[in-house]
Amino acid sequence: MNTHGADAPARGPFRTCPTTGLQVHNDADNLIKANAVAATVALLVGGLTAILVLLTRWQAVHLLDAEMFYRVLTIHGMNMLIFFILFFEMAVLYFASAVILNSRVAAPKVGWGAFGLMVLGTLMVEWTMFTGRADVLFTSYVPLRAHPLFYLGVILFAVGALTVVSIFFATLVVAKRERTYTGSVPLVTFGAITAAIIAVITLVHGAAIYIPTFFWSLGMMNVDPQVYRLVWWGLGHSSQQINVAAMVSIWYLLGALTVGAVVVSEKVSRTAFVLYVGFISMASAHHLLVDPGFGSAWKVVNTSYFMYMAVLASMLHGFTVPAGVELGMRLRGFTQGIFGWLRRAPWGDPGFSSLWLSVVIFGFVGGITGVTFGTEQINIIAHNTLRIPGHFHATVVSGTAMAFMGITYYVIPLIFRKKVAFYGMARWQPYVFSIGMLIFSMCMTFAGSFGIPRRHWDITFAGAPFDVPYSPAVNLVMGVMAIGGLLAAVGGGMYILITVWSVFFGKPLGAEASKAALEGSVPPGVYNRPFLQIPADDTEVKEHGWMGMMPGTMILVIVFLVAFIVYYFANWKLLSFVWKVG
Amino acid sequence: MYTTGVTSPQGVWWKPAHKSEKIWFTISFIWCLILFAMMPFWHFKGGQNPSGIRAKVNPADYQARVTQFIQDYRVGTENGIPVVAPPAGSDVYLLGQMWAWTPILQLEEGAEYTLHLSSIDLNHGFNLYPFNVNFQVVPGYDYGLRVTPTEAGDYRIVCNEFCGVGHHLMVGKVIVTESTDASGGDR
């Protein structure tokens with residue numbers, strides 16, 4: 001980005017983005033579009049099934065029968081956690097390498113081959129699920145058995161994804177060799193590199209478990225149920241760490257695009273990314289804390305590596321991302337008081353509101369619950385209850401999916417070169433989606449603390465030999481949960497309508513990127529371009545005592561820490577009330 | 001020169017962090033050490049740990065052991081499921097299978113038992129209602145947990161790991177009777 005001004009001439013198959021001055025290669029454009037469209041289709045399938053799952057768990061409606069419920073739940077999980085997320089991340093990888101570094105895509109034809117393979121794998125899995133040949137849920141715990149094409153489809157999808165990761169690394173080499181940028185890779189690309197490394201680790205685990213399970217489904221070998229759980233979670237949990245690394249990269253990207261957030265310290269942010277690679281990839285232990293196959297020493301060490309360095313990494317990003325926004329805005333003159341910058345932030349820019357909602361809910365709800373439930377003993381009062389989906393809907397949906405939605409409002413004008421359709425609705429979309437999801441996941445977590453099981457068709461247990469009279473409060477909480485979930489579904493529907501309409505029927509952006517031409521049809525960052533106007537080093541920013549130049553952020557993270565401490569120790573207290581067990 | 005997330009830093013970017021970053025790093029690091037230390041600490045001071053006595057077991061052998069256990073201590077039947085009252089301090093065997101928990105256990109408040117959990121078909125989930133105590137039940141593995149029921153009452157065991165279309169039917173029962181030994185019930 002440093003080497004090309006806004007008026008740099010386009011090279012060959014490149015176009016010059018009129019907004020950013022970036023040189024965008026046609027292949028990058030098209031591969032990003034294809035993967036983004038595939039992601040949106042998966043999101044639509046995942047979203048429609050989400051509504052069906054929700055309307056069944058809401059006992060007052062109880063829509064589906066048991067068999068359909070588990071089938072639809074399987075479809076929801078696979079489409080959201082595998083197909084939507086990974087197709088979107090493939091687009092992110094092309095963006096973070098080719099677009100940000102002004103480079104061509106290495107081996108674009110292989111990229112299309114990989115895309116084809118991923119689509120083929122997706123279709124195989126969808127076919128087995130929709131035809132009732134794979135009612136095994138997202139985790140497909142052996143010895144639950146699905147049709148062999150279910151496992152083969154996942155394997156083909158993973159091979160395709162691994163190929164895109166290879167193209168990403170090759171593109172980095174090409175960009176370096178062809179000197180398309182000077183200095184070090186930007187932080188967003190650096191974060192994407194860590195996501196890609198974690199993706200390799202994840203996909204290797206995926207191969208290590210799905211290939212034997214594929215042969216097991218053909219009756220050719222045995223797979224131990226406990227070993228399956230161990231290795232499968234090497235895939236299942238690590239893939240969420242790809243999401244985290246990709247999401248944090250997008251936080252930095254959205255900060256830059258919306259308000260010109262600066263990187264407070266490259267050293268701290270990059271070190272935090274490296275900690276993800278080193279300490280997060282084996283976090284499968286979090287899923288095995290109350291399993292019979294492993295001893296306590298193994299559990300304690302593998303859930304924490306003695307010091308929770310991955311948690312430390314997230315806590316650092318949780319500081320540096322808002323701190324970058326604060327410092328960036330203070331440098332641009334928003335210096336009033338402690339929170340003046342936050343009050344005057346562009347809350348109507350869907351990119352900025354998505355960023356902020358994603359950071360706050362990921363941290364306060366997803367992060368705090370995740371670390372607490374991932375504690376060896378506290379897991380006794382959390383495992384397989386609704387507390388777990390409560391946690392991960394706050395991380396992967398309110399966090400990752402929200403950030404991905406936010407960046408889409410910039411991808412539409414910058415990559416698809418279209419105006420954002422229904423822009424007035426787009427300004428509201430992050431709030432509707434995020435607040436719905438917040439209500440949904442908090443109610444789920446709360447209901448789970450009553451012991452309500454996750455993945456369960458009927459908590460009235462009709463036909464069971466004994467009754468289970470849950471507290472009447474549970475009905476109320478589950479009802480509010482359903483309302484929150486439906487609100488989030490409306491927000492998701494708004495997102496799909498806006499993106500699909502923009503891409504297929506939207507007005508072209510035109511050559512002019514001025515405010516007059518674009519105001520009201522794209523996010524303001526697109527024409528204000530704060531990321532191109534970086535304040536000089538000698539710009540004065542007032543120091544606020546020990547809180548330094550980012551006092552607002554310092555106060556926010558301390559509030560976060562207090563919430564963390566209270567929730568964490570409240571759970572130890574809750575644990576101490578249950579039966580003695582050891 | 002400041003950089004943004006999409007700007008390439010020029011030259012060396014390994015520069016000293018801001019003071020506020022250092023403060024937050026230090027606080028976070030100490031907190032992360034506490035998060036770790038609480039787990040070993042609870043093994044020494046806390047009453048709830050998922051340690052257990054763990055072994056691999058052939059599902060058929062486990063089923064035979066459960067059958068023997070029922071024969072030894074059976075005191076009745078409820079809803080067609082045997083009710084078993086093992087003596088305090090003994091080994092107790094619970095079997096998960098699609099879609100029932102066998103047998104019904106009758107335990108004594110304040111007494112310690114070694115509760116064995118295993119399955120003969122799929123993964124199941126042990127969830128004790130209303131106390132929300134959860135353990136994974138894996139076929140081929142025997143999880144022997146030393147449990148002490150702390151309160152008399154009627155408990156349920158809900159399966160909370162998906163085990164097929166009848167998953168919601170899988171509800172078992174534990175009856176905890178008041179302590180017969182005056183000192184045993186004193187917690």
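A note on names: the letters A, B, ... follow the listed sequences, proteins ahead of strands, and every chain is numbered from 1.
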*What part of A/A323 gets closer than 4.5 Å to chain B, counting heavy atoms only: side chain, backbone, both or neither?*
neither
_Per-residue contact mode, A/W572 against chain B (heavy atom under 4.5 angstrom)_ = both
*Kindly say whether the aromatic ring centers of A/H456 and A/F461 come within a distance under 6.0 Å.*
yes
_Please classify the contact between B/V57 and chain A as side chain, backbone, both or neither, with a heavy-atom cut-off of under 4.5 Å._
neither
*Is B/R65 salt-bridged to B/D142, cutoff N-O under 4.0 Å?*
yes
*asked:* Can you tell me which of B/W99, B/Y155, B/F29, B/Y113 forms the most heavy-atom pairs within a distance under 4.5 Å of chain A?
replied: B/Y155
*Side chain, backbone, both or neither: which part of B/I27 has a heavy atom under 4.5 Å from chain A?*
side chain
*Please look at B/I30 and chain A and tell me whether the side chain, the backbone, both or neither of the residue comes under 4.5 angstrom of a heavy atom of that chain.*
neither
*Examine whether an atom of B/N134 lies under 4.5 Å from a heavy atom of chain A, and if so say whether it belongs to the side chain, the backbone or both; otherwise answer neither.*
both
_Top contributor to chain A interface from B/P139, B/C163, B/C159, B/G144 [non-hydrogen pairs under 4.5 Å]_ = B/P139
*asked:* At a 4.5 Å cut-off on heavy atoms, which part of A/F569 comes close to chain B: side chain, backbone, both, or neither?
replied: side chain
*Compute both the distance and the angle, then confirm whether A/R270 meets the cation-pi test with A/F190: under 6.0 Å from the six-membered ring centre, within 45 degrees of the axis.*
yes
_Any donor-acceptor pair under 3.5 Å linking the side-chain atoms of A/T182 with those of B/Q10?_
yes
*With a 4.5 angstrom heavy-atom cut-off, which part of A/T271 approaches chain B: side chain, backbone, both or neither?*
side chain
*For B/D121, is it the side chain, the backbone, both or neither that has a heavy atom under 4.5 Å from a heavy atom of chain A?*
backbone
*Could you check which of B/P40, B/G172, B/G46 has the highest count of heavy-atom pairs closer than 4.5 Å to chain A?*
B/G172
*Counting only heavy atoms closer than 4.5 Å, note whether A/Y70 contacts chain B via side chain, backbone, both or neither.*
side chain
*If only atom types and distance count, is the side chain of B/R156 paired as donor or acceptor with the main-chain N or O of A/D467 below 3.5 Å?*
yes
*A/F69 versus chain B, heavy atoms under 4.5 Å apart: side chain, backbone, both or neither?*
neither
*Top contributor to chain A contacts, counting heavy-atom pairs under 4.5 Å, from B/E21, B/H18, B/K56*: B/E21
*chain A: which of B/H43, B/K19, B/K15, B/E112 shares the most heavy-atom pairs with it under 4.5 Å?*
B/H43
*Measure distances from B/Y129 to the heavy atoms of chain A and classify the residue's part below 4.5 Å as side chain, backbone, both or neither.*
side chain
_Given heavy-atom pairs under 4.5 angstrom as the criterion, report whether the side chain, backbone, both or neither of A/T320 touches chain B._
side chain
_Under 4.5 Å from any heavy atom of chain A, what part of B/L115 do you find: side chain, backbone, both or neither?_
neither
_Is B/V158 in contact with chain A via its backbone, its side chain, both, or neither, using a 4.5 Å heavy-atom distance?_
side chain
*Give, as side chain, backbone, both or neither, the part of B/L117 having an atom under 4.5 angstrom from any heavy atom of chain A.*
neither
*Residue A/L257 versus chain B: region with a heavy atom under 4.5 Å*: neither
*Proximity breakdown for A/P530 and chain B, heavy-atom pairs closer than 4.5 Å*: neither
*asked:* Between B/G80, B/S118, B/P50, who has the most heavy-atom pairs with chain A when the cutoff is under 4.5 Å?
replied: B/P50
_How long is the straight-line distance from OG of B/S20 back to CE of A/M550, given to the nearest 0.5 Å?_
3.5 Å
*Measure B/W42 against the heavy atoms of chain A and call it side chain, backbone, both or neither at under 4.5 Å.*
both
_Under 4.5 Å from any heavy atom of chain B - which part of A/T139_ = neither
*Please state whether the side chain, the backbone, both or neither of A/I378 comes within less than 4.5 Å of a heavy atom of chain B.*
neither
*Heavy-atom distance under 4.5 Å to chain B: side chain of A/V301, backbone, both or neither?*
neither
*Where on A/D291 is there a heavy atom nearer than 4.5 Å to chain B: the side chain, the backbone, both, or neither?*
both
